[in-house]
Number of protein chains: 2
Amino acid sequence: MDTTQRTDQQRSADRRRRELLEAADRVVLRDGPQASMNAIAAEAGITKPILYRHFGDKGGLYAALAKRHTDALLSSLRAALDAPAERRERVEATLDTYLAAIEALPQVYRFLMHPVEGGQTADQGFDTGNHSVPLLRRMGEELAQVIEERVDLGPNSQQLARVWGHGIVGMMHAAGDWWLGERPCSRAELVRSLADLLWGRLAAAGDKVGGPGF
Amino acid sequence: MDTTQRTDQQRSADRRRRELLEAADRVVLRDGPQASMNAIAAEAGITKPILYRHFGDKGGLYAALAKRHTDALLSSLRAALDAPAERRERVEATLDTYLAAIEALPQVYRFLMHPVEGGQTADQGFDTGNHSVPLLRRMGEELAQVIEERVDLGPNSQQLARVWGHGIVGMMHAAGDWWLGERPCSRAELVRSLADLLWGRLAAAGDKVGGPGF
DNA sequence: CTCTGTCGTTACCGCAAGTAACATGCTAGT
DNA sequence: ACTAGCATGTTACTTGCGGTAACGACAGAG
């Protein structure tokens with residue numbers, strides 16, 4: 001039959017696609033974010049044009065690869081966010097989930113955050129937009145949605161929630177990035193410090209009167 | 001004399017260097033972060049090898065260019081941070097300064113934040129560190145220092161200040177990036193929303209009881 | 001046996017980073 | 001005045017990567 005044939009082909013194509021993505025994963029994990037298409041193809045045991053037939057261009061492969069990890073991370077985060085617990089506990093669990101993920105696979109994390117994406121094919125004419133850091137954006141939107149659903153923010157809540165979503169995600173990301181590089185403290189301490197920041201401890205703290213030189 | 005000669009040459013070299021940097025600036029402002037060395041050289045009215053003699057490689061030119069803008073932005077931020085005013089006002093002024101800067105020169109801002117840096121020259125062997133987003137790091141450290149100097153955080157204040165410095169900078173960056181792309185509100189509203197977040201409004205807000213579907 | 005479509009290859013193009021080797025002009029020593 | 005040295009600039013090249021065109025084998029339909 002036509003349909004069964006197509007299904008078979010589709011299945012085979014999907015399996016190939018998954019194999020290719022896993023090979024790409026291995027290479028990225030080994031070579032970092034600047035893994036070349038040649039290297040990925042070689043790791044998969046095939047040659048470049050097949051990659052291009054499956055993913056269009058490097059951006060497409062990146063997008064597919066990123067989607068896998070992004071989806072996985074987001075579902076973990078959703079679990080932490082939606083837990084039936086106090087807000088502070090949920091926030092700490094979410095921060096810890098994120099930090100544990102980037103701690104476990106820093107190479108993958110760097111690939112997701114710093115996509116390189118300097119192709120010579122001109123996507124010229126962009127004024128400010130594009131620039132493709134989809135993971136941060138998706139996390140920000142997701143968090144915004146949760147905030148807007150569960151926290152009572154009065155009028156204009158949607159916009160406020162979105163600002164906060166992106167802001168909190170950025171805080172988490174930058175602090176995590178710095179922490180990964182320097183490891184100045186344990187993960188638990190970092191989580192506590194960030195949660196304290198979100199809980200207004202900066203506003204509540206008093207001025208320090210005597211400067212170091214006075 | 002030998003010394004006077006050398007001084008003349010040094011001055012001439014420095015002037016050339018500045019001219020080259022200004023040309024690079026113009027190109028980056030026009031072409032975005034993926035400006036090619038050829039284009040920069042052409043804009044400066046010279047050819048590639050001169051650029052390489054002055055800056056070593058593309059990373060060197062990037063570093064020099066980034067240092068100029070980073071220094072300029074940091075001095076503006078320092079002015080806002082060190083103003084003799086209430087903490088909330090200072091925080092809002094700092095946020096607004098940063099956002100105004102990225103709003104005025106989005107291309108430069110993108111160049112600073114997304115350096116591309118995917119050279120084929122292997123800096124292999126890095127585990128987690130490097131990855132070169134020096135602007136965010138420098139802003140984080142700077143802010144940490146100001147916080148530690150001026151806010152009374154009790155014991156372990158230095159570490160807490162650093163976490164907060166990097167976290168706040170990341171919040172500002174991510175929210176600014178998103179805002180630049182979507183422009184969902186005015187700059188003043190964004191500043192207010194972020195300051196509210198830092199002032200603990202997330203913790204203070206009540207739960208929303210009735211979900212949208214219940 | 002041929003036609004068609006998928007999976008795969010080799011060989012190529014264009015482009016950008018980076019370099020080697022050559023040309024030129026200025027200052028200085030003899 | 002002639003030549004040595006040194007900075008400045010050039011052309012022309014190599015390497016490596018993203019991306020593609022054109023060609024080769026193997027499956028099933030008529």
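Just so it is clear: chains get the letters A, B, ... in the order the sequence lines come, proteins before strands, and each one is counted from 1. What you see is a predicted model, and the numbers here were worked out from it, not measured in a lab.
In this structure, the side chain of Y98(B) does not engage the main chain of L73(B) through any donor-acceptor pair within 3.5 Å.
At a threshold of 4.0 Å, the pair D25(A)-R30(A) does not count as salt-bridged, since none of the basic side-chain nitrogens sits closer than that to a carboxylate oxygen. Electrostatic pairing of R192(B) and E189(B) does not count as a salt bridge here, judged by no charged N lying under 4.0 Å from a carboxylate O. Ion pairing between a basic and an acidic side chain is recognised when a charged N comes within 4.0 Å of a carboxylate O; R17(B) and E22(B) show no such pairing.
With sequence neighbours excluded, no residue forms a salt bridge (Lys or Arg N to Asp or Glu O under 4.0 Å) with R90(B).
For the pair R88(B) and W199(B), the cation-pi criterion (under 6.0 Å, within 45° of the ring axis) is fulfilled.
Separating the CD atom of E19(B) from the P atom of dT8(D) is a distance of 12 Å, rounded to the nearest angstrom. If you measure from atom CG of L51(A) to atom P of dT9(C), you get 10 Å, rounded to the nearest angstrom. dC15(C) atom P lies 16 Å from atom NZ of K58(B), rounded to whole Å. Taking atom CE of residue M37(A) and atom P of nucleotide dT20(D), one finds them 10 Å apart after rounding to whole Å. If you take CD1 of I40(A) and C1' of dC17(D), they are 12 Å apart, rounded to a whole angstrom. Straight-line distance from the CG atom of D57(B) to the P atom of dA17(C): 11 Å, rounded to whole Å. Straight-line distance from the CD atom of Q34(A) to the P atom of dA17(C): 16 Å, rounded to whole Å. What separates OH of Y52(A) from C1' of dC12(C) is a distance of 14 Å, to the nearest Å.
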Identify each atom pair where a protein N or O and an N or O of nucleotides 9-12 of chain D are less than 3.5 Å apart, giving names and distance.
{"residue": "dG9(D)", "atom": "OP1", "partner": "R16(B)", "partner atom": "NE", "Å": "3.3"}
{"residue": "dG9(D)", "atom": "OP1", "partner": "R16(B)", "partner atom": "NH2", "Å": "3.3"}
{"residue": "dG9(D)", "atom": "N7", "partner": "R53(B)", "partner atom": "NH2", "Å": "2.5"}
{"residue": "dG9(D)", "atom": "O6", "partner": "R53(B)", "partner atom": "NH2", "Å": "3.1"}
{"residue": "dT10(D)", "atom": "OP2", "partner": "T47(B)", "partner atom": "N", "Å": "3.0"}
{"residue": "dT10(D)", "atom": "OP2", "partner": "T47(B)", "partner atom": "OG1", "Å": "2.5"}

